[in-house]
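What follows is one structure encoded as structure tokens, with my remarks underneath.
In listed order, ligands and their atoms are each counted from 1.
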Amino acid sequence: METLTIRRPDDWHVHLRDGAMLEFAARYTAQQFARAIVMPNLVPPVTTVDAARHYRDRIRSAIGAHHSFTPLMTAYLTDDIDADEIATGFEEGVFAACKLYPANATTNSAAGVTDVRKLDRVFDRMQAIGMPLLIHGEVVSPDIDIFDREHVFIDTTLAPLVTDFPDLKVVLEHITTEDSVEFVSAASDKVAATITAHHLRIDRNDMFDGGMRPHAYCLPVAKRRKHREALRKAAVSGNAKFFLGTDSAPHQKHDKESDCGCAGIFSAPVAIESYAQTFEEEGALDKLEAFASEFGPHFYGLPLNDETITLERTGHAVPDLIEDAEIAIVPFHAGETINWRLAP
Ligand code: NCD
Ligand code: ZN
């Protein structure tokens, strides 16, 4: 059987949730990835060092001793976030980064920032201490078409921000457009982007394939095919500004299949396999390791992982549903057979 062995990857953007969902979902990330940047959009959000420490303990205990996995915690920025709290958390090694959600841009972002530039003092401090700012890059105005929100965010908010804070490390998370690829490529080496497994594979038509497909709905919403093609090119380009971040975001099947279905795609069970399939289709399997396991740590200033994982090239039937007690989730690639499987 053909195999592919790479340095163990990290996930630079994941939602592990809390409570029963955390107990259920965390193992899927830990079985693939050595480290993950854990999103803070819990209810209530993770805004203090103490809350992050406790959340990190809950993650560690959910994962148990089966996997060696390091959760990297993030602080949820609000209008009145305290710069000292953020800086203390970073200096104590609890916070790896801050996450900026424009208020109401996505799931559990109601407590997010209403006016990004009100946080200039916080950005100033982050820039001084080298703390990365992770951005959900969408404007929220109902006047802006949902398919244009990322592009408009770049023009109105991100471009001036990176000009005014040239040394601030910025990750534009889960990019979905050619405009983002171009912006990040042209920016300084302080600016990078994560790319999800699903945005490399779906475009907006997948949400309407013979009917409404709630399991293809996430935010930022998938765009036209030409944007997906630009993302694929960026991912396999070998440009160190683009690295792996799954944005795996589990929601119960019944919450997605409702009259107002939640945004989010649960890719953790097949994430590295899905990326491998995409890279293979692009004739670029040799570029997977750098994208998945090297460029992220370089950007964050962290060491590379020493361990490896092996993928086997074999028919891998992804289940329609992954369930356990009261949780049932339709995973990314549900019901499909993909080419790669993580070796046991
Ligand atoms: C995420 C979630 O469910 O928490 N949803 C999503 O569609 N990606 C939030 C986010 O990252 O936007
Ligand atoms: Zn996310």
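- Around the Zn ion (ligand 2), protein N, O or S atoms at less than 2.8 Å comprise His13 NE2, His15 NE2, Asp247 OD1.
- Enumerated by chain and number, the residues approaching ligand 1 to less than 4.0 Å through a heavy atom are His13, His15, Arg17, Asn41, Thr106, Thr107, His136, His174, Cys218, Leu219, Asp247, Ala249, His251, Ala263, Gly264.
- A cation-pi arrangement is found for Lys169 relative to Phe299, the charged atom lying closer than 6.0 Å to the ring centre and inside a 45° cone about the ring normal.
- At most 12 heavy atoms of other shown residues, nucleotides or ligands fall within 6.0 angstrom of atom CZ in Arg224.
- For Phe332 and Phe266, the gap between ring centers reaches or exceeds 6.0 Å.
- Between the side chains of His227 and Asp203, no donor N or O sits under 3.5 Å from an acceptor N or O.
- To the nearest 0.5 Å, the span separating CE on Met39 from NE2 on His13 amounts to 4.0 Å.
- Not one N or O on the side chain of Arg17 forms a donor-acceptor pair closer than 3.5 Å with the backbone of Ala25.
- Between the side chains of Thr106 and Ser109, not a single donor N or O lies within less than 3.5 Å of an accepting N or O.
- Note that the OG1 atom of Thr29 and the CD1 atom of Ile59 stand 10.0 Å from one another [nearest 0.5 Å].
- For Arg27 and Phe24, the positive end sits near the middle of the six-membered ring, less than 6.0 Å away and at most 45° from its axis.
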